[in-house]
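Both backbone and side-chain heavy atoms feed into the values below; hydrogens, waters and symmetry mates do not. Residue numbers start from 1 in every chain, and the chains themselves are labelled A, B, ... in the order their sequence lines are given, proteins ahead of strands. Nothing here was measured: the structure is a model prediction, and the numbers come from that model.
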Protein chains: 2
Amino acid sequence: MSRRRAVPKEHSHRMAKPTPSLTVALLQAREAAMGFFRPLLNEHGLTEQQWRVIRILKEVPEHQLESRDLAEIACILRPSLTGVLVRLEKTGYVKRWKPANDQRRLCVSLTEEGHRLFDAMSGDMHKQYRRIKRQLGADNYKTLMALLDQLQRVEP
Amino acid sequence: MSRRRAVPKEHSHRMAKPTPSLTVALLQAREAAMGFFRPLLNEHGLTEQQWRVIRILKEVPEHQLESRDLAEIACILRPSLTGVLVRLEKTGYVKRWKPANDQRRLCVSLTEEGHRLFDAMSGDMHKQYRRIKRQLGADNYKTLMALLDQLQRVEP
DNA sequence: TTTTGTACATTAAGATGTTAATGAATTCAA
DNA sequence: TTGAATTCATTAACATCTTAATGTACAAAA
């Protein structure tokens, strides 16, 4: 009876979204942003998580981190990171080793391969960031980053 | 030689984070926010995705959506949603069926069980939202939601 | 020193993310 | 009306998420 009248064209029947929750809004916004980068990652055969690891290692002094810290910064849980690093080592982008002074820990660093990959992707990455910034407005972008930083610090 | 001097106390050696990218910032912020809700979800044996489905169905007129629309709003890819819905149906929170006028599509709606679950969790959920809003500030919260909404609309 | 506790990485198991491929139902054009 | 495109959900295969459990290495207390 009150069923939606079949509207064949594409999905022009997109309906009003329910009031989004904060966490859903964050997710949807991130999805929109990732849309700019996913094609580039795919071209290079990288997953999101693999790229986060490479990106973070590149920006840290000595391009080297302890697994524990890397996990926290990259928002990858330790069990997941184990596999990510195994695969990244297999493809030759990072090196793993246990520091002699503490055999519990695990250290990770970028290989030459890893550096070359990052440098090769860097240009296109920046290009996409500029496009996002243009669509959102430079001021908005700045404000958003500041608010995200604040939100990141809240705790239960 | 220049190795970090073992600092036993907790992890007070947290180092300066590299300039966060937008997508990483969104991820970290969302992680912080989810910290408020994860315990509650666990108490009720729900995953994040299952809760998103229930929440979204609850807020939509007639508490019913086509699978396709649900996937887009909940930021769950279609292949994943298939499994999520199978499990949610198995636990009795949603009902699935194919509309007679188009056998390709799949419809989903909340069961009575689903409504009861949502209502039972609603109070605690709001409580956590208030705590986040208090820590972030009401104005900041509002601004953030507006900016996330804008970001959600950018496209490559 | 032995005991106890703690900090790590890893494994395990089930759920989800991600892309490509399949297959069925519907639409569109010839 | 027939056959070629489209629109869906689903399956497949691999990567990751998530919590709990293991096991090892180090640290602190007895």
Side-chain angles (χ1 to χ4, degrees), chain A residues 6-13 27 30-31 34-35 37-39 41-53 65-72 74-91 96-108, chain B residues 4-14 23 27 30-31 34-35 37-39 41-53 65-72 74-91 96-108:
Chain A
V7 180
K9 294 278 49 149
E10 275 290 329
H11 37 290
S12 48
H13 61 304
L27 193 57
R30 190 180 128 83
E31 270 315 297
M34 282 308 303
F37 302 107
R38 235 184 283 277
L41 297 184
N42 287 343
E43 280 178 24
H44 293 268
L46 292 175
T47 66
E48 288 186 33
Q49 295 79 356
Q50 291 170 347
W51 173 248
R52 286 211 296 281
V53 167
L65 273 174
E66 287 186 9
S67 164
R68 180 193 158 64
D69 297 320
L70 178 55
E72 185 178 335
C75 283
I76 300 177
L77 294 180
R78 258 74 71 71
S80 304
L81 189 56
T82 294
V84 173
L85 293 180
V86 166
R87 285 176 284 269
L88 274 177
E89 187 175 54
K90 204 168 295 178
T91 53
R96 299 184 306 156
W97 77 93
K98 290 193 163 298
N101 60 334
D102 190 339
Q103 292 290 316
R104 290 173 303 183
R105 299 173 190 297
L106 178 68
C107 280
V108 190
Chain B
R4 180 164 23 270
R5 210 171 308 282
V7 181
K9 295 279 48 148
E10 276 289 330
H11 38 289
S12 47
H13 60 304
R14 187 69 46 253
T23 51
L27 192 57
R30 189 179 130 83
E31 269 315 296
M34 281 308 302
F37 302 107
R38 234 184 284 277
L41 297 184
N42 287 343
E43 281 178 23
H44 293 267
L46 292 176
T47 66
E48 287 186 32
Q49 295 78 357
Q50 291 170 348
W51 173 249
R52 285 211 297 281
V53 166
L65 273 175
E66 286 187 10
S67 163
R68 179 193 158 64
D69 298 320
L70 178 55
E72 185 179 337
C75 284
I76 299 176
L77 294 181
R78 256 76 70 72
S80 303
L81 188 56
T82 294
V84 173
L85 293 181
V86 166
R87 286 177 284 269
L88 274 177
E89 187 176 54
K90 203 169 296 177
T91 54
R96 298 184 306 155
W97 78 94
K98 289 193 164 298
N101 58 334
D102 191 338
Q103 293 289 317
R104 290 172 304 182
R105 292 162 143 69
L106 178 69
C107 280
V108 191

In this structure, how many angstroms lie between the [atom2] atom of [N] and the [atom1] atom of [X], rounded?
X        : N      : atom1 : atom2 : answer
B:Glu66  : C:dT26 : CD    : C1'   : 14 Å
A:Arg68  : C:dA9  : CZ    : P     : 7 Å
A:Asp69  : C:dC8  : CG    : C1'   : 12 Å
A:Met34  : C:dT19 : CE    : C1'   : 14 Å
B:Leu27  : D:dC17 : CG    : P     : 9 Å
B:Leu106 : C:dT26 : CG    : P     : 14 Å
A:Arg105 : D:dT24 : CZ    : C1'   : 14 Å
B:Ile76  : C:dA15 : CD1   : C1'   : 11 Å

* Please tell me which of A:Gln50 and A:Asp102 maps to the more 5' nucleotide of DNA chain D, matching each residue to the nucleotide holding its nearest heavy atom. => A:Gln50
Report yes if a side-chain nitrogen or oxygen of [X] is closer than 4.0 Å to either non-bridging phosphate oxygen (OP1 or OP2) of [N]; otherwise report no.
X       : N      : value
A:Gln49 : C:dT18 : no
A:Arg52 : D:dA15 : no
A:Arg38 : C:dT18 : yes

Taking only nitrogen or oxygen atoms into account, show me every contact under 3.5 Å that the protein makes with nucleotides 3-5 of chain C, one pair per line with its distance.
none

Do the side chain of [X] and the main chain of [Y] share a donor and acceptor less than 3.5 angstrom apart?
X       : Y        : result
A:Glu31 : B:Cys75  : no
B:Lys98 : B:Arg105 : yes
A:Gln49 : A:Val84  : no
A:Arg30 : B:Thr23  : yes

* Asked: Going by heavy atoms in the side chains, are A:Thr82 and A:Leu106 under 4.5 Å from each other?
  -> no
* Looking at side-chain heavy atoms only, is the closest gap between A:Val108 and A:Leu88 below 4.5 Å? -> no
* Closest to the A:Arg87 side chain, choosing from D:dA15, C:dC8, D:dA9 -> D:dA15
* **Minimum-distance nucleotide (side-chain atoms of B:Thr47 versus C:dA25, C:dT16, D:dA9)** => C:dT16
* **Listed partners of A:Arg78 passing salt bridge (Lys or Arg N to Asp or Glu O under 4.0 Å), at least two apart** => none
* To do: Search all heavy atoms of A:Ala74 against all heavy atoms of B:Leu27 and return the closest pair with its distance.
  => O-CD2, 4.1 Å
* Considering all heavy atoms of both residues, which atom of B:Arg96 and which atom of B:Leu85 are nearest to each other, and what is their separation? -> CD-CB, 3.7 Å
* Interface residues of residues 77-85 of chain A with DNA chain C (non-hydrogen, below 4.0 angstrom) -> A:Arg78, A:Pro79, A:Thr82
